[in-house]
Enquirer: 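Got a structure for you, written out below as structure tokens; questions coming shortly.
Source: prediction; values computed, not measured. Residue numbers start from 1 in every chain, and the chains themselves are labelled A, B, ... in the order their sequence lines are given, proteins ahead of strands.
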There are 2 protein chains.
Amino acid sequence: MSKAAIRPRGAGRRSASWTQDPEGVRRSILDAARLEFVENGLSGARVDEIAARTATSKRMIYYYFGDKEGLYRAVLEEMYERIRAFERGLDLASLEPEEAMARLTGFTFDYHAENPDFVRMVMIENIHHGRHLATSDRIATLNLSGIDVIREAYGRGVASGVFRPGIEPIDIHLTISALAFYNVSNRASIRQVFGHDMGAPEALARRRESAIDTVLRMLRR
Amino acid sequence: MSKAAIRPRGAGRRSASWTQDPEGVRRSILDAARLEFVENGLSGARVDEIAARTATSKRMIYYYFGDKEGLYRAVLEEMYERIRAFERGLDLASLEPEEAMARLTGFTFDYHAENPDFVRMVMIENIHHGRHLATSDRIATLNLSGIDVIREAYGRGVASGVFRPGIEPIDIHLTISALAFYNVSNRASIRQVFGHDMGAPEALARRRESAIDTVLRMLRR
DNA sequence: GACCAAATGGACTAACCGGTACAATTAACA
DNA sequence: TGTTAATTGTACCGGTTAGTCCATTTGGTC
């Protein structure tokens with residue numbers, strides 16, 4: 001500190017050598033940033049804190065992501081890409097309509113329960129009115145298509161007579177999402193206000209069954 | 001600015017006189033704070049901005065609320081007290097069980113739709129893991145009892161045979177809340193990702209009916 | 001092995017922002 | 001009317017924080 005202050009700019013000692021690793025550095029920054037943003041939100045997150053969690057320096061954050069918001073956007077985009085990959089991994093077309101819907105609901109519920117980081121990030125982005133989703137090209141071309149899966153299974157169910165007609169696929173999706181999302185997003189307030197722990201294994205299991213049952217009852221004749 | 005800088009501390013000109021109005025000042029600060037917190041979150045909110053929206057000065061914020069978090073907590077508490085008043089205002093005991101549940105769901109849905117500020121504040125508080133709810137005495141003695149209303153109506157419904165037995169009242173509450181809450185909380189992300197506006201009048205109306213229908217189907221034999 | 005673009009480090013800064021010091025005024029009440 | 005606690009205004013401060021400047025090293029290419 002004392003000597004550094006009188007050394008000419010940028011003339012400080014540095015570790016003898018290092019190896020370049022652009023992808024590793026990028027990855028390291030993104031991981032650190034995810035932790036920090038998910039915990040503290042966009043304005044609550046500290047760039048210095050992210051840098052500290054990283055193997056590299058703050059300088060690199062700005063080198064690769066431009067500014068704090070650019071980094072935030074990158075984290076957000078990656079998380080949406082992951083859930084999209086999850087959705088594409090679902091293979092429900094071969095199942096009976098009821099079974100397909102039950103599985104979709106269960107898997108969606110599980111994905112949210114197992115990825116609270118994703119839930120928190122979506123909450124944070126909604127607080128910001130979806131401003132960063134709106135300005136993201138990667139998100140624009142993402143084509144989140146849980147809806148297509150739903151449309152297909154629901155259509156088959158209506159055709160075979162097990163489901164009642166007249167429901168919009170988007171409404172099915174919203175119901176499934178609401179039940180899965182809320183269970184994670186509002187865990188803290190529910191616990192404080194009702195003393196009920198939605199994260200407890202038995203509560204979670206009961207809630208999962210309830211969600212599946214609720215969706216099926218909503219769809220049946 | 002120029003002359004002010006060389007004037008002794010606190011010796012600045014002030015408006016000739018003023019009338020004391022503690023309650024008015026408090027009210028004014030709380031209203032300004034609600035706008036700012038709800039829009040920007042706890043860490044995103046600026047005390048100077050709140051002060052600017054107020055009829056009074058920043059000094060008063062610290063005088064009445066101690067610090068930024070104290071003010072945040074006061075806003076949070078007031079919003080929870082309001083929804084509690086709403087819940088107590090519901091008179092469902094005189095209705096048939098199905099009608100009571102339908103009304104409760106509809107009213108809850110409407111309350112959330114009409115009070116996005118409340119929804120946003122709860123989101124923000126959940127991001128903070130409910131830390132401020134936990135340290136609030138006013139919340140601790142609040143006794144949010146939508147649950148009691150549910151237990152009563154559900155019990156009657158089971159007794160009269162229209163509802164199936166074995167459902168926990170808290171689960172009924174969670175289902176209702178999830179459907180009502182999600183519709184407001186995730187509006188922005190749903191719009192960006194699916195191009196669907198949950199806030200549009202017709203979408204809102206359809207969603208409201210869907211929520212009521214879903215809850216009743218969940219409860220019926 | 002000379003050259004150069006990409007990648008990296010460390011110190012530094014300007015603005016911002018929560019919170020405070022000091023002084024003054026008001027209003028209740030004896 | 002004098003006293004005093006409650007209330008209010010203005011200027012200011014110290015720490016924090018996003019972002020930058022300058023220099024240096026790496027590693028591919030010809």
Enquirer: When you check the side-chain N and O atoms of E39(A) and H129(B), is any donor under 3.5 Å from an acceptor?
Expert: yes

Enquirer: Heavy atom of residues 35-46 of chain B under 4.0 Å from DNA chain C: which residues?
Expert: A45(B), R46(B)

Enquirer: Run the side-chain donor-acceptor check on residues 167-183 of chain A: report pairs under 3.5 Å with partners two or more places apart or on a different chain.
Expert:
unit_1	atom_1	unit_2	atom_2	d
D171(A)	OD1	R207(B)	NH1	3.4
D171(A)	OD2	R206(B)	NE	2.7
D171(A)	OD2	R206(B)	NH2	3.1
H173(A)	NE2	S177(A)	OG	3.4
T175(A)	OG1	D171(A)	O	3.0
T175(A)	OG1	R207(B)	NH2	3.0

Enquirer: Could you tell me whether R82(A) and E78(A) make a salt bridge, using a distance below 4.0 angstrom between a side-chain N and a carboxylate O?
Expert: yes

Enquirer: Can you check the I50(B) CD1 to dC17(C) C1' distance for me, whole Å?
Expert: 12 Å

Enquirer: Please output the side-chain donor-acceptor pairs of residues 100-109 of chain A that fall under 3.5 Å, not counting sequence neighbours, one pair per line with the distance.
Expert:
unit_1	atom_1	unit_2	atom_2	d
R103(A)	NE	E99(A)	OE2	3.1
T105(A)	OG1	M101(A)	O	2.8
T108(A)	OG1	L104(A)	O	2.7

Enquirer: Mind running a 4.0 Å heavy-atom check of residues 56-76 of chain A against DNA chain C and sending the residues that fall below it, in number order?
Expert: T56(A), S57(A), R59(A), M60(A), Y63(A), Y64(A)

Enquirer: Output the rounded distance in Å from CD (E23(B)) to P (dT26(C)).
Expert: 20 Å

Enquirer: For L35(A), enumerate each residue passing the side-chain contact (heavy atoms from CB on, under 4.5 Å) test, keeping only those at least two apart in sequence or located in another chain.
Expert: R53(A)

Enquirer: Quick one: does NZ or CZ of R26(B) land under 6.0 Å from the six-membered ring centre of F65(B), within 45 degrees of the ring axis?
Expert: yes

Enquirer: Under the ring pair (Phe, Tyr, Trp, His ring centres under 6.0 Å) test, which residues partner Y72(A), sequence neighbours left out?
Expert: F37(A), H132(A)

Enquirer: Measure from the side-chain N and O atoms of E49(A) to the backbone N and O of E36(A), and report whether any donor-acceptor pair falls under 3.5 Å.
Expert: no

